[in-house]
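Count residues from 1 along the sequence. All values reported here derive from a predicted model rather than from experimental measurement.
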Amino acid sequence: MIRKVEVVPPDRNWYNLFQAESQQLSLALGDNSIAIHHIGSTSIDTIYAKPIIDILVEVKDIEKVDPLNTAIEALGYISLGELGITGRRFFRKDDRVGIRTHHIHVFEVGSPQIDRHLAFRDYMRCHVEAAQIYSQLKQKLAQQYPIDLENYMDGKAEFIKEIDKKAAQWRRAMLR
């Protein structure tokens with residue numbers, strides 16, 4: 001199935017969608033769940049984004065997530081295992097017509113991936129100019145590659161790496 005690369009204006013409802021989903025995930029994951037975070041572009045309320053709610057879940061023990069796959073799948077998700085990132089559990093959810101609506105990234109507390117995602121989000125929330133450059137890049141790439149998700153993602157990769165470095169430095173400075 002060809003997935004259209006769609007980037008849309010910010011939608012204030014994205015936060016509500018995250019909140020609703022995080023409550024269900026908290027119940028499904030039980031006491032293994034430490035924190036549930038809204039990440040990705042839909043968590044930055046000033047930029048264009050693919051309308052997919054990205055959720056990061058911190059858990060006490062990553063090995064205790066696999067036995068809960070059935071509970072997460074009951075919420076409409078498909079389990080995709082690590083999907084290229086060691087120590088992660090990844091889930092995706094599509095609506096009734098097959099349009100992607102949610103991603104869940106589960107990491108064990110202490111994973112550097114948690115800090116990376118949260119630093120990127122927080123940096124973009126606090127650095128409006130960088131966020132707008134990212135928003136414009138995403139719009140341009142979506143127009144350039146309307147049915148080519150791989151090239152769309154590749155087109156963002158260098159910018160994301162640059163922001164990841166700046167965000168990590170910024171976060172370290174903020175924690176001093």
Side-chain angles (χ1 to χ4, degrees), residues 5-19 21-22 25-26 29 33-62 65 80-93 100-145 148-176:
V5 178
E6 180 184 25
V7 175
V8 300
D11 183 338
R12 298 227 179 262
N13 194 43
W14 289 336
Y15 179 75
N16 296 330
L17 294 171
F18 160 75
Q19 283 291 104
E21 208 68 18
S22 69
L25 286 170
S26 182
L29 292 165
S33 174
I34 294 173
I36 301 176
H37 306 278
H38 189 187
I39 62 167
S41 294
T42 61
S43 71
I44 306 162
D45 64 6
T46 60
I47 69 171
Y48 277 62
K50 288 186 302 172
I52 299 170
I53 307 302
D54 277 293
I55 300 169
L56 186 148
V57 180
E58 291 182 69
V59 294
K60 295 174 189 171
D61 184 348
I62 197 71
V65 174
L80 297 169
E82 290 185 326
L83 196 66
I85 299 178
T86 303
R88 172 177 76 168
R89 298 300 183 271
F90 183 78
F91 300 85
R92 75 166 197 242
K93 183 179 193 177
R100 185 78 25 89
T101 61
H102 296 77
H103 291 151
I104 304 172
H105 311 259
V106 183
F107 294 102
E108 190 169 285
V109 68
S111 167
Q113 291 290 334
I114 296 169
D115 282 340
R116 183 181 71 80
H117 283 287
L118 296 179
F120 184 92
R121 179 200 66 193
D122 295 346
Y123 182 88
M124 295 301 260
R125 285 177 174 174
C126 291
H127 294 84
V128 177
E129 187 175 306
Q132 288 311 305
I133 292 168
Y134 187 45
S135 183
Q136 291 165 5
L137 174 63
K138 290 158 61 81
Q139 291 171 70
K140 177 184 159 213
L141 290 168
Q143 288 177 340
Q144 192 173 352
Y145 303 110
D148 187 346
L149 185 60
E150 190 171 321
N151 274 320
Y152 169 82
M153 300 297 285
D154 287 348
K156 298 187 318 175
E158 196 59 41
F159 181 85
I160 290 171
K161 283 180 193 174
E162 180 184 320
I163 294 298
D164 276 342
K165 288 177 190 172
K166 290 178 180 179
Q169 292 169 349
W170 174 77
R171 188 175 181 103
R172 281 191 300 272
M174 296 296 287
L175 295 174
R176 287 184 195 162

Novice: Quick check: closest heavy atoms across Glu58 and Leu56, and the distance to 0.1 Å?
Specialist: CG-CD2, 4.0 Å
Novice: Please check if the side chain of Arg88 supplies one atom and the backbone of Val106 the other of a donor-acceptor pair under 3.5 Å.
Specialist: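 Flag not set: sc Arg88 to bb Val106 has no pair under 3.5 Å.
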Novice: Using atom types as modelled and distance alone, determine if a side-chain donor or acceptor of Arg116 lies under 3.5 Å from a backbone N or O of Ser111.
Specialist: no
Novice: Calculate, to the nearest 0.5 Å, the distance between atoms CG and CE belonging to Asp45 and Met124 respectively.
Specialist: 12.5 Å
Novice: Starting at CD of Glu21, measure out to OG1 of Thr101 and round the result to the nearest 0.5 Å.
Specialist: 7.0 Å
Novice: Could you check if a side-chain atom of Lys166 sits within less than 4.5 angstrom of a side-chain atom of Glu162, using non-hydrogen atoms only?
Specialist: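 In contact.
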Novice: Would you call the rings of His127 and Trp170 parallel, tilted or perpendicular, where under 30° means parallel and over 60° means perpendicular?
Specialist: perpendicular
Novice: Side chain to side chain contact (heavy atoms under 4.5 Å, CB included) between Tyr145 and Asp154: does it pass, once the steps are laid out?
Specialist: CA-CA 11 Å; Tyr145 303 110; Asp154 287 348; over 6 Å; no
Novice: Are the side chains of Phe91 and Val65 in touch, meaning some heavy atoms are under 4.5 Å apart?
Specialist: yes
Novice: Pair Phe90, His103 - check side chain to side chain contact (heavy atoms under 4.5 Å, CB included), show working.
Specialist: CA-CA 7 Å; Phe90 183 78; His103 291 151; 3.6 Å; yes
Novice: Does a donor on one side chain sit under 3.5 Å from an acceptor on the other, for Arg172 and Gln169?
Specialist: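 Short answer, no.
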Novice: Roughly how far, to the nearest 0.5 Å, is CG of Asp54 from NE2 of His102?
Specialist: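 Output value for this atom pair is 10.0 Å.
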Novice: Taking the side chain from Gln132 and the backbone from Thr46, do they hold a donor-acceptor pair closer than 3.5 Å?
Specialist: yes
Novice: What's the shortest heavy-atom distance between Pro10 and Ile47, and which atoms?
Specialist: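 Taking Pro10 first and Ile47 second, the nearest heavy atoms are CG-O, 3.4 Å.
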Novice: Using 30° and 60° as the class boundaries, would you call the ring planes of Tyr15 and His38 parallel, tilted or perpendicular?
Specialist: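 If you compare the ring of Tyr15 with that of His38, the planes turn out tilted.
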Novice: Kindly give the heavy-atom pair with the smallest separation between Ala49 and Trp14, and that separation in Å.
Specialist: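 So the minimum-distance heavy-atom pair works out to CB-CH2, 3.7 Å.
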Novice: Kindly determine whether Asn151 and Gln144 satisfy side chain to side chain contact (heavy atoms under 4.5 Å, CB included), including the steps that lead there.
Specialist: CA-CA 9 Å; Asn151 274 320; Gln144 192 173 352; over 6 Å; no
Novice: What's the shortest heavy-atom distance between Ala130 and Phe159, and which atoms?
Specialist: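 Heavy-atom minimum between the residues: O-CZ, 3.7 Å.
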Novice: First locate atom CD1 of Ile104, then atom CZ of Arg92, and finally report the distance between them rounded to the nearest 0.5 Å.
Specialist: 12.5 Å
Novice: Side chain to side chain contact (heavy atoms under 4.5 Å, CB included), that's the test. Do Ser33 and Leu25 meet it? Break it down for me.
Specialist: CA-CA 9 Å; Ser33 174; Leu25 286 170; over 6 Å; no
Novice: With heavy-atom distances below 4.5 Å as the criterion, would you say the side chains of Tyr123 and Asp164 are in contact?
Specialist: no
Novice: Report the distance from atom OG1 of Thr42 to atom CD1 of Ile52, rounding to the nearest 0.5 Å.
Specialist: 9.0 Å
Novice: Looking at every heavy atom in both Ile114 and Gly110, which two are closest together, and how far apart are they?
Specialist: CD1-N, 4.2 Å
Novice: Which heavy atom of Arg121 sits nearest to which heavy atom of Ile39, and what is that distance?
Specialist: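 Looking at all heavy atoms of both residues, the shortest contact is CD-CA, 4.5 Å.
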Novice: Can you check whether Phe120 and Tyr134 have ring centres sitting under 6.0 Å from each other?
Specialist: yes
Novice: Hey, could you give me the CD1/OG distance between Ile53 and Ser41, rounded to the nearest 0.5 Å?
Specialist: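 Interatomic distance, Ile53 CD1 to Ser41 OG, rounded to 0.5 Å: 10.5 Å.
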Novice: Please work out whether the ring planes of His105 and Phe107 are parallel, tilted or perpendicular, with thresholds of 30° and 60°.
Specialist: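 Parallel.
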Novice: Is the shortest heavy-atom distance from the side chain of Lys93 to the side chain of Arg100 under 4.5 Å?
Specialist: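 No. Closest side-chain heavy atoms not under 4.5 Å.
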Novice: Is it true that a side-chain atom of Glu108 and a backbone atom of Ile62 form a donor plus acceptor pair closer than 3.5 Å?
Specialist: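 Confirmed, Glu108 side chain pairs with Ile62 backbone.
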